[in-house]
Amino acid sequence: MRDTPPSLESAPRTADVNEGEVMRAEGTALVTGASRGIGQGVALELARRGFDVVATMRNPDDGADLATTLGDAAGSLRVERLDVTDAQAFDMPSPLRVVVNNAGVEKAHPPFEATPMRLWREMYETNVFGLIDVTARAIPALRAAGGGVVCNVTSSSILAPVPFYGPYRSSKAAVSAIGESLRAELAPFGIRVLEIMPGPIDTDMLEGSDRAPEAIDFDGYREMAERYYEGRKAVEGQVTSTEDAANAIADAILDDDAPLRVGCDPLAVGMIQGWRASSDEDFMKAMLPSWTG
Ligand SMILES: NC(=O)c1ccc[n+]([C@@H]2O[C@H](COP(=O)([O-])OP(=O)(O)OC[C@H]3O[C@@H](n4cnc5c(N)ncnc54)[C@H](OP(=O)(O)O)[C@@H]3O)[C@@H](O)[C@H]2O)c1
């Protein structure tokens, strides 16, 4: 995985997605997993910028107060039900300009050899297949609107060889590869594909991951799991608020010149820069000692 080949940067764009200009914040923006966390922040921020936001979530009751917290905004926000693992019943809004594939899950982290297939499947069902289904349904609506943005939220953890995170990281890496192909495939329609790779953002998911990986209970893996958890504590002072992350994500969505992969917080921005500036091997070597001792 490396940055977009230069040929894609010069692919055709539609009239309202001009080189060197920012996209106009108008039309509808759909956000998945907008009940809380990053998704909620992005839904609110895109509405503030002028989009008519469809904030989708599994349980619409979770978003009952969302529109009222918006206050005076250039755009609007309405809540609709969408479980990304069951998207058939969902009607894509129109004119659709932006899709933010944010819904995601993180589960247990046992050693690879002890990870049940059920856990892999659950992770992929939401993080990969759900995203695929929503995106495939959104593309015709984006094309009909004359172009727009598909914004996939992956994770900066893809860049580091984090032990015990195979299911989560690989689900995000799959989305990363899908995004590369789509960046090429959709460019002729003026649809720009963007990948946000968050670092630590202050959400329930981050709080839930503040624990030793389950691998700590397995002989042979305890020491590495302990060391990993010690290292993870170092991010505590580097957590970014959902508001700041949402702001950075909205900026990237509106920036026609944004690269394929973007961080939405200082830690991720630094990681992406370090990864771009070195070879995969050197980057991995620099990260590994903290876990392998
Ligand atoms: N926070 C971080 O530090 C961080 C770092 C890297 C990447 N990310 C990625 O950023 C995205 C947002 O994470 P977050 O930190 O905001 O997590 P979060 O607070 O746990 O929120 C996850 C959101 O996804 C929704 N969701 C889960 N399964 C769904 C499904 N089947 N259909 C629709 N929505 C579903 C949740 O809905 P419910 O309320 O119904 O559960 C919730 O709205 C995820 O893709 C995550 O992997 C986060």
Side-chain angles (χ1 to χ4, degrees), residues 30-45 53-66 79-90 99-107 109 121-135 137-138 150-160 162 165 167-176 178-179 194-211 232 234-246 248-249 252 261-269 271-272:
L30 183 150
V31 182
T32 67
S35 59
R36 53 198 169 97
I38 296 172
Q40 183 180 94
V42 171
L44 289 168
E45 187 55 32
V53 172
V54 181
T56 69
M57 53 196 74
R58 291 193 278 202
N59 180 3
D61 291 346
D62 293 340
D65 299 330
L66 210 49
V79 171
E80 285 191 21
R81 186 189 176 281
L82 174 58
D83 180 332
V84 299
T85 65
D86 181 20
Q88 307 94 299
F90 184 77
V99 175
V100 182
N101 285 311
N102 162 80
V105 289
E106 192 203 333
K107 294 186 180 284
H109 303 290
R121 291 198 172 98
E122 282 173 6
M123 197 86 82
Y124 275 59
E125 205 56 57
T126 300
N127 295 0
V128 184
F129 302 132
L131 177 141
I132 291 170
D133 197 16
V134 170
T135 307
R137 291 168 191 278
V150 173
C151 172
N152 296 328
V153 180
T154 63
S155 169
S156 61
S157 70
I158 297 173
L159 304 179
V162 190
Y165 271 65
Y168 178 73
R169 292 183 58 250
S170 64
S171 72
K172 295 298 187 178
V175 171
S176 205
I178 288 166
L194 179 65
E195 176 182 347
I196 305 291
M197 308 178 87
I201 313 299
D202 190 9
T203 68
D204 295 342
M205 184 180 285
L206 184 71
E207 200 185 318
S209 71
D210 186 7
R211 62 180 204 276
R232 190 209 173 280
V235 307
E236 272 166 19
Q238 303 180 65
V239 175
T240 293
S241 69
T242 50
E243 291 78 13
D244 286 352
I249 293 170
R261 296 191 173 93
V262 175
C264 60
D265 57 280
L267 196 80
V269 168
M271 273 182 83
I272 294 168

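In what follows, residues are counted from 1 in the order of the sequence shown. Counting starts at 1 for both ligands and their atoms, following the listed order.
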Ligand 1: protein residues within heavy-atom distance under 4.0 Å
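Its neighbours under 4.0 Å (heavy atoms only) are Gly33, Ser35, Arg36, Gly37, Ile38, Arg58, Leu82, Asp83, Val84, Thr85, Asn102, Ala103, Gly104, Val105, Thr126, Val153, Thr154, Ser155, Tyr168, Lys172, Pro198, Gly199, Pro200, Ile201, Thr203, Asp204, Met205, Leu206, given by chain and number.
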
Nearest heavy-atom pair of Val239 and Ile201: which atoms, and what distance?
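So the minimum-distance heavy-atom pair works out to CG1-C, 4.0 Å.
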
Nearest heavy-atom neighbours spanning Gly33 and Asn102
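Where Gly33 meets Asn102 most closely, the heavy atoms are O-ND2, 3.1 Å.
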
Look up atom [atom1] in [X] and atom [atom2] in [Y], then write down how far apart they are to the nearest 0.5 Å.
X	Y	atom1	atom2	value
Lys107	Thr126	NZ	OG1	7.0 Å
Glu195	Asn152	CD	CG	7.0 Å
Asp62	Arg81	CG	CZ	11.5 Å

Can you list the steps and then say if Thr240 with Asp265 is a side chain to side chain donor-acceptor pair (under 3.5 Å)?
CA-CA 6 Å; Thr240 293; Asp265 57 280; 4.6 Å; no

